[in-house]
Amino acid sequence: MLSNKQLETVSEAPQIKKSSGKRLLLVGNPNSGKSTLFNALTGLNQRIGNFPGVTVEKKTGQLKLGQEKLEVVDLPGTYSLVPRSEDEKVTYEYLIDQNRNDKEEIVVIIADASSLKRNLLLVTQMIDLEYPTILVLNMMDIVERNKQKIDIAGLERELGVPVIPMNARLGKGVSKLKTRIETFDYIPAPKVIERHEEKNQLKNTVDRFKRIKEILAKTYHADGPAKTAESTRKIDKIFTHSVWGFVIFLFILFLIFQAIFSWSTYPMDWIENGFLVFGNWLGGALPEGILNDLLVEGVLAGLGGIVIFIPQIALLFMFIAILEDTGYLARVSYLTDTVLKRFGLNGRSIIPLLGGAACAVPAIMSARTISNKKERLLTIFVTPLISCSARIPVYTLLIALVIPAEKQLLGFNLQGIVMMALYLLGFVAALGTAMLLKYWVKTEERSHFIMELPIYRMPRWKNVGMTIYNKVKVFLFEAGKIIIAVSIVLWVLSSYGPGNKMEAIEQKYEQIEQDPSQELSLTQDQIASEKLEASYAGHIGKFIEPAIRPLGFDWKIGISIITSFAAREVFVGTMATLYSVGDEENTTSIKEKMARATHPSTGEKVYTKATGYSLLIFYAFALQCMATVAIVVKETGGWKWPILQLVYMGALAYFASLLVFQVFS
Amino acid sequence: MNLASCKIGDQVTLEKILDEQLTVQLYSMGCIIGERITLERVAPFGEPMIIRVEDSFISLRKNDAENMIVKQ
């Protein structure tokens, strides 16, 4: 029976029967298992906007139910509809947006059943917003382990919405949810509380918890404190220990570092060889001509330079996903808050800073969880200084080029030490920059570090796998697009030149070839390099050479710096293309080609230690990433900060490289 | 008495929160007036600290703990 008051609610309910299909909105507290459910519902039919224009949080996917295809939107986790930070605002604004009425919508709220009271706050808010709602009680396995008892039918009765118990990890309850969605018919639920005016949000929350307590008194029973909370307490005694906590954190960082730079060498070798073999086969199989050259020397060389780094990038994202999924990352925030506070940052900044080692773009977005505007701005500003995965290709190539593999320092492999030093350098530069900005940016806002430390759980391997898959896909396709485009343009620019200089060189060497006293292999290289110099690319490189000469860079490096403004990893592709043009045989790797490179005037090696170190420093500091610039524009709401960042990091790179080159040469 | 002056292991009841922004944040995480709070851990240099509210663990800084009035 409906009371008078409830009938009122019915007449107020928005009429949202729309013809163009259904949309599911996934809403829930952080750490409630929302992404696991999203993955279970959509499988590989997901689309994550990781690049400018789309936010990383708005994951959308498709759910097929019989004949019907439903759109599923995964909204950022939030505790309440009173937003307290930027990412919670995304959810709030999305939900209250009245313009979005093209589809019939069902809100699926996922709640951590093992801490039901807190999770029900959001549920009651959603019900009072009069959204057609289904409540999913996730983590029923923990509820069982904790000897907590929930009366599902009672909860349905009290709240007036369907309630579905679930263990999303094992996929238990997912099919039941699907059936419920299929047969869903919206019956407006009674209001949980009489809401007060906007400014009385706190009073509302108090009222809600009062009502929630009443509901739970009837439907929930617990035998003492939760077991999982007890074991988490025990683990935290070690992991957040004043001494051991830091030791463990450093050990984990070391392990990640080891994995990325030693385990990944095997698959990387296979990929490199694979590309060489494929390139040779393709070169032989296709008829000779421009198309052949363009494909083999341009596109394939550029692409091979990037595919090879997938093992490292996948590993990095895997570790970050595991750390986040187990709940450990929140402890790292706890441990580092005091230190980061001194630099004008926040414990929450460690997540963007660590994530920055993978990619600055999602890392900068994750800074949204920092509610203090100044701390958020500082975090965004310094995150690109952390060496990201796009620098890995550049570092690996250059280090291998200028430091012999067998060289050691104090018993450690020198290549490894230099790599580690570059990462440290990025981290120190980030902290130093934050320190400078701290005194410059003013704020009245108070700083907080209020964060939930979720209970420890085993990583959900499916989620980890999905994260790796999505990130690698984005990297490969987004970066790949730029790289293919840049490779093609570059190949054209370096194969053709103004006037008839190129033809003149060919004619000159044709005459020399007639002369039997000349050594042929030497001439081949010479023709190639002279032609490159006469090409359009050569002219561009030559034009900027005076500016970068003091850093020890020649015009070929100049071309690479220009092309890698789009994305750093283009450096390797550019080098590959520049040094492949004219290499008919395609037998040697880029590294070998670069190692052979000499200054034509002096005959000295181009990649000396001084030039190598200088170039490494340049790539460590310079902001050569269009995607980062674009995301900073979006996140800071203007061009001021990205331009400052670009100029600051550019100047830092230039002068640091200048210093390094002068010291080592 | 405020939460910052408690010792590790102390169990107290939250009586009042002196800062409005802090109130909003704590409330949304289920930490409301009348709730029992246990001070679990304090990091080196006196902050941040971890409190336990029912079965949730929440970290906060010293100045926030100072704004939380509690009684034994």
Side-chain angles (χ1 to χ4, degrees), chain A residues 29 78-85 88 112 114-115 117-122 146 148 201-202 205-206 208-210 212 222 225-230 232-233 236-237 240-243 245-246 330-331 333-339 341 346-347 371 445-455, chain B residues 2-71:
Chain A
N29 282 16
T78 181
Y79 290 106
S80 149
L81 287 180
V82 187
R84 53 176 199 153
S85 63
E88 295 192 350
D112 172 1
S114 70
S115 55
K117 191 176 103 189
R118 196 194 63 206
N119 278 259
L120 281 181
L121 174 66
L122 183 65
N146 285 341
Q148 296 161 322
Q201 286 295 352
L202 286 176
T205 308
V206 172
R208 284 185 195 286
F209 275 117
K210 220 159 116 193
I212 289 166
K227 255 193 191 162
T228 46
E230 288 305 312
T232 290
R233 240 187 96 224
D236 266 341
K237 274 192 178 157
T240 63
H241 189 273
S242 307
V243 178
F246 289 98
R331 273 69 188 184
S333 291
Y334 166 79
L335 284 173
T336 52
D337 181 61
T338 342
V339 181
K341 193 182 154 190
N346 185 291
S371 58
E445 212 181 336
R446 280 190 48 201
S447 161
H448 296 278
F449 177 65
I450 299 167
M451 196 180 66
E452 191 198 352
L453 301 167
I455 58 163
Chain B
N2 67 48
L3 185 67
S5 59
C6 291
K7 286 192 291 293
I8 293 175
D10 279 359
Q11 280 200 11
V12 291
T13 306
L14 183 60
E15 289 227 293
K16 203 175 172 191
I17 303 169
L18 301 178
D19 178 276
E20 197 185 312
Q21 211 198 336
L22 180 65
T23 317
V24 175
Q25 301 209 24
L26 286 174
Y27 272 27
S28 71
M29 296 171 93
C31 180
I32 54 174
I33 306 294
E35 209 67 56
R36 290 292 280 172
I37 294 176
T38 314
L39 183 59
E40 291 282 348
R41 304 196 66 79
V42 179
F45 308 112
E47 65 174 351
M49 38 189 93
I50 301 178
I51 57 167
R52 177 171 173 173
V53 184
E54 295 209 346
D55 293 330
S56 312
F57 298 93
I58 299 170
S59 73
L60 35 89
R61 285 182 182 162
K62 201 172 181 174
N63 58 355
D64 289 325
E66 280 166 356
N67 281 326
M68 293 165 74
I69 305 299
V70 294
K71 70 166 184 213

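The chains referred to below are lettered A, B, ... by the order of the sequence lines, with proteins before strands, and numbering in each begins at 1.
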Given a strict heavy-atom distance threshold of 4.5 Å, which part of B:V53 is in contact with chain A: side chain, backbone, both, or neither?
neither

Out of curiosity, B:M29 CE to A:E452 CD, how far, rounded to the nearest 0.5 Å?
5.5 Å

Residue part contacting chain B, namely of A:D112, when any heavy atom lies under 4.5 Å:
neither

Report the C-alpha separation of A:L121 and B:Y27 in whole Å, then their side-chain angles, then the decisive distance to 0.1 Å, and conclude whether the side-chain contact (heavy atoms from CB on, under 4.5 Å) test is met.
CA-CA 10 Å; A:L121 174 66; B:Y27 272 27; over 6 Å; no

Let me know if B:E47 has heavy atoms under 4.5 Å from chain A in its side chain, its backbone, both or neither.
both

Looking at side-chain heavy atoms only, is the closest gap between B:P48 and A:T338 below 4.5 Å?
yes

Give me the atom names and distance for the closest heavy-atom approach of A:A229 to B:R52.
CB-NH2, 3.6 Å

Flag the one option from A:I455, A:L120, A:N346 with the top tally of heavy-atom pairs under 4.5 Å to chain B.
A:N346

Quick one: side-chain hydrogen bond (donor to acceptor under 3.5 Å, both in side chains) partners of B:S56, sequence neighbours excluded?
A:R118

Sort by residue number and list every residue of residues 58-68 of chain B having at least one heavy atom under 4.5 Å from chain A.
B:I58, B:S59, B:L60, B:R61, B:N63, B:D64, B:N67

Decide yes or no on side-chain contact (heavy atoms from CB on, under 4.5 Å) for B:Q25 and A:Y79, but give the supporting numbers first.
CA-CA 9 Å; B:Q25 301 209 24; A:Y79 290 106; over 6 Å; no

Derivation of the salt bridge (Lys or Arg N to Asp or Glu O under 4.0 Å) call for B:E40 and A:K237:
CA-CA 9 Å; B:E40 291 282 348; A:K237 274 192 178 157; over 6 Å; no

Ranking A:D236, A:L122, A:V243 by heavy-atom pairs under 4.5 Å to chain B gives rank one to A:D236

Minimal heavy-atom distance between B:G30 and A:F209, with the atoms involved, is CA-CZ, 3.6 Å

Determine whether B:E35 and A:K117 make a side-chain contact, defined as any pair of heavy atoms from C-beta on separated by less than 4.5 Å.
yes

Let me know if B:I50 has heavy atoms under 4.5 Å from chain A in its side chain, its backbone, both or neither.
both

4.5 Å side-chain heavy-atom contact, A:Y334 and B:R41:
yes

What part of A:S447 lies closer than 4.5 angstrom to a heavy atom of chain B: side chain, backbone, both or neither?
both

List the steps, then state whether side-chain contact (heavy atoms from CB on, under 4.5 Å) holds for A:I450 with B:L26.
CA-CA 8 Å; A:I450 299 167; B:L26 286 174; 4.2 Å; yes

Given side chains that start at C-beta, do those of B:D55 and A:T228 come closer than 4.5 Å, heavy atoms only?
no

Roughly how far apart are A:K341 NZ and B:F45 CZ, rounded to 0.5 Å?
12.0 Å

